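Read the numbers this way: they start at 1 and go in the same order the structure lists the ligands and their atoms. As a basis for the values below, the full set of heavy atoms in this structure was taken, side chains included, without hydrogen atoms, waters or symmetry mates. Keep in mind it's a predicted model, so treat the numbers as computed, not measured.
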Amino acid sequence: MTARLRTVLTDTPLLVIAGFVLVAALPSLGLGFYWQRQVMLIAVYTLLCSGLNLSFGYAGELALGQVAVFASGAYVAAILFNHGHTDILLALLVATALAGVAGLISGIPGLRLSHWSLALVSFFFVLLIPSLVSILDEYTGGSAGLPGVLGPTLFGRPLFGRDFYYVAIAATLLWMLVLRNMVVSRFGAFLRVMAESPTLAESLGGSVRLLQIQAYVIGALPAGIAGVLFTYMTGFISPTTFTLSLLIAVLAATVLGGADSVWGAPVGAAILVLGPLQAASFQKYSSAVYGIFLVFVGVVFSMGLAGLARIVRRRLLLRRLARAGAAGGSGAAGELGELSIPGERLEVAGVAKAFAGLKALNGVDLTVEPGTITAIIGANGAGKTTLLNLISGVLRADAGTVTLAGRPITGLRAHQVSRLGVGRTFQTPLIPPRMTVLEVVESGRLRSGAVGLLPAILRLPRYYRVRREDRAAALVALSFAGLEHLAHQPAGSLPLGTRRLLEVVRAVAGRPHVLLLDEPAAGLDDEGLRELEMLMRRTREAGGTVVLVEHNVPFVMSVADRVHAMELGRVIASGPPDVVRRDQRVIDSYLGRRGRTEPGAAPRADVPSESGVA
Ligand SMILES: Nc1ncnc2c1ncn2[C@@H]1O[C@H](COP(=O)(O)OP(=O)(O)OP(=O)(O)O)[C@@H](O)[C@H]1O
């Protein structure tokens with residue numbers, strides 16, 4: 001068996017496919033009509049939940065227009081059918097296209113609104129359904145609904161009973177595989193990062209606006225498919241199906257199954273359809289029970305059943321690796337050799353920035369050469385972080401220019417600057433806690449190349465090549481800092497100091513032309529400082545251009561090639577560490593004061609942070 005075929009096979013969720021094949025075979029094994037309908041209903045809810053998985057679970061966007069999109073798919077199928085267009089593929093095509101448009105329209109407010117406001121707007125779309133149905137009653141049948149929509153065709157062949165069952169299961173499986181391929185791709189990684197921190201997603205090269213729109217649109221598609229299947233399954237639709245209660249029930253099922261897991265959707269859907277709430281005696285309490293259940297799950301069980309399964313799987317993996325004597329990838333890293341870092345020249349000229357009249361930067365000039373570490377020091381409020389934010393595109397300069405390898409990057413947005421090769425870390429580490437250490441470091445590679453949605457969905461050779469390269473670079477970067485033994489640990493379990501180091505490793509893995517480090521030594525113990533120093537030296541040796549903002553003066557003096565001291569938004573001294581250390585102005589404005597307040601200028605663990613990007 002070739003290595004490629006082996007990769008494709010081990011990478012295919014064979015168990016899940018086998019499960020779907022088994023479900024498809026159930027009617028041949030004697031499954032009766034009632035239970036076939038129940039299974040199809042599970043498939044319909046699976047599709048609805050899977051849309052929420054993507055937009056809410058992965059991307060963290062509370063776009064809850066699913067039920068409205070579901071209704072649009074259902075009515076499209078019925079209206080086409082009543083006008084003589086009975087082909088189910090046509091209905092699926094039109095419903096999916098309409099779902100995409102509906103996802104876009106219902107998601108646009110999300111570009112401006114915060115999570116909960118977006119959720120409320122989504123509720124509005126659901127409340128709109130009865131009115132729209134009544135306005136368009138010539139086509140929709142108004143509140144009386146549309147009956148007799150049974151027996152769609154596929155290539156001219158009518159689909160009744162079992163045949164329709166097979167099509168419903170196949171359509172659901174196909175969508176689930178597409179979704180699964182998307183979420184394990186770079187696109188999925190971007191969504192997970194964005195859910196934790198839009199600032200981080202931008203700094204890793206993702207346009208948050210584009211990602212949000214993609215999440216809304218793609219998340220809406222399965223609801224359109226579900227609508228078509230539902231209509232042809234029941235043969236009748238009316239506005240009473242598409243209610244807020246349905247939305248809340250689907251939301252509850254999504255959360256219970258595990259909102260950030262593709263396979264949580266069928267689990268949640270099965271519980272929704274087969275669970276105790278279906279018993280007649282429970283029906284009238286169902287809304288209240290779902291509501292209470294949502295609150296309960298949100299507070300104590302946020303990861304859902306799939307999340308529990310993930311924890312168990314990760315523990316088993318760690319135990320196996322520990323037994324094998326290597327907790328992850330160190331051997332592989334050893335074989336991969338060194339990581340070259342293509343440093344480029346960074347020039348900052350006359351840069352100024354004011355906040356409500358306060359001049360945070362007042363004409364800063366500096367140049368950073370490849371293969372060097374340039375440190376920026378200065379008292380709190382001197383403007384150091386503002387400078388990093390301007391270089392990395394988080395803030396726009398009022399005046400002045402920033403050029404990278406001679407190319408102006410002033411005024412570009414953060415993800416554009418990142419894609420041109422500027423990597424950074426943050427004063428408060430931004431590490432998605434649910435990712436493993438290896439996934440975090442791999443995310444540093446997101447900026448290079450396209451997101452590659454299509455190659456990921458179709459599993460083209462390019463997808464596997466990029467994935468191999470990302471993994472290899474991540475392992476080498478981890479070995480740079482001696483952290484490869486943590487590769488499979490959840491990043492959220494690491495202490496603050498290690499998370500800081502991990503941020504640097506993530507940035508290094510992206511092979512940045514310029515690496516901006518914002519107080520990476522804060523909170524590190526002696527060993528952490530040694531690892532950081534080693535990592536920075538190796539980055540420099542590999543050709544990196546490193547800009548270091550740091551309050552730990554002994555660390556700066558030992559690692560930097562050049563130091564710029566800032567005061568009140570200006571550079572007051574520049575030169576080799578020894579020269580700047582003896583500069584009287586620097587001693588008066590910063591070093592002397594630190595000496596008085598912090599004997600020995602010990603590493604600061606308590607650097608204040610104004611925000612995620614401060
Ligand atoms: N978003 C903002 N809005 C208003 N004022 C800001 C903002 N960001 C920074 N400032 C102000 O600009 C000045 C420079 O802040 P900056 O964070 O760049 O300093 P710093 O040298 O990085 O300080 P520290 O060492 O404490 O991180 C400070 O007076 C700060 O209060």
Could you pull out every donor-acceptor pair under 3.5 Å between side chains of residues 353-364 and any protein atom, sequence neighbours left out?
| residue | atom | partner | partner atom | Å |
| --- | --- | --- | --- | --- |
| Lys353 | NZ | Arg396 | O | 2.8 |

Fill in the blank from the handout: One finds that the ligand 1 atoms under 4.0 Å from a non-hydrogen atom of His551 are 25 (O)
Exercise for the section: Out of Thr386, Leu395, Ile376, indicate the one that has the non-hydrogen atom closest to atom 16 (P) of ligand 1. Expected result: Thr386
Exercise for the section: Using distance alone, determine whether Leu358 and ligand 1 share an N or O pair under 3.5 Å. Expected result: no
Exercise for the section: Show which atoms of ligand 1 fall inside a sub-4.0 Å distance from at least one heavy-atom site of Thr385. Expected result: 17 (O), 18 (O), 20 (P), 22 (O), 27 (O)
Problem - Side chain to side chain, Leu420 and His513, heavy atoms closer than 4.5 Å - result: no
Practice task
Out of Leu361, Ile377, Asn380, indicate the one that has the non-hydrogen atom closest to atom 24 (P) of ligand 1.
Solution key: Asn380
Practice task
Dump the intermediate steps for salt bridge (charged side-chain N to carboxylate O under 4.0 Å, His left out) on Arg537 and Glu541, then the final yes or no.
Solution key: CA-CA 6 Å; Arg537 287 186 190 283; Glu541 281 156 23; over 6 Å; no
Exercise for the section: Mark yes or no for whether Arg345, through its side chain, and Thr403, through its backbone, hold a donor-acceptor pair below 3.5 Å. Expected result: no
Exercise for the section: With atom 23 (O) of ligand 1 as the reference point, say which of Ala354, Gly381, Ala356, Gly357 has the nearest heavy atom. Expected result: Gly381
Problem - Ala379: numbered ligand 1 atoms lying under 4.0 Å from its heavy atoms - result: 21 (O)
Exercise for the section: Could you tell me if any non-hydrogen atom of Met566 lies under 4.0 Å from any atom of ligand 1? Expected result: no
Handout entry: Electrostatic pair Arg585-Asp588, nearest N-O below 4.0 angstrom
Key = no
Practice task
Examine Ala360 against ligand 1 and note whether any of their N/O atoms are separated by less than 3.5 Å.
Solution key: no
Practice task
Answer yes or no: does an N/O atom from Phe355 fall short of 3.5 Å to an N/O atom of ligand 1?
Solution key: no
Exercise for the section: Run the numbers for me: atoms of ligand 1, each under 4.0 Å from some heavy atom of Glu519, listed by number. Expected result: 25 (O), 27 (O)
Exercise for the section: Using a strict 4.0 Å threshold on nitrogen-to-oxygen distance, state whether Glu369 and Arg562 make a salt bridge. Expected result: no
Handout entry: Polar contact flag, side-chain donor to acceptor under 3.5 angstrom, Ser203-Arg424
Key = no
Problem - Test: Arg506 and Glu503 ion pair at under 4.0 Å - result: yes
Handout entry: Test item, Gly383 contacting ligand 1 (heavy atom, 4.0 angstrom)
Key = yes
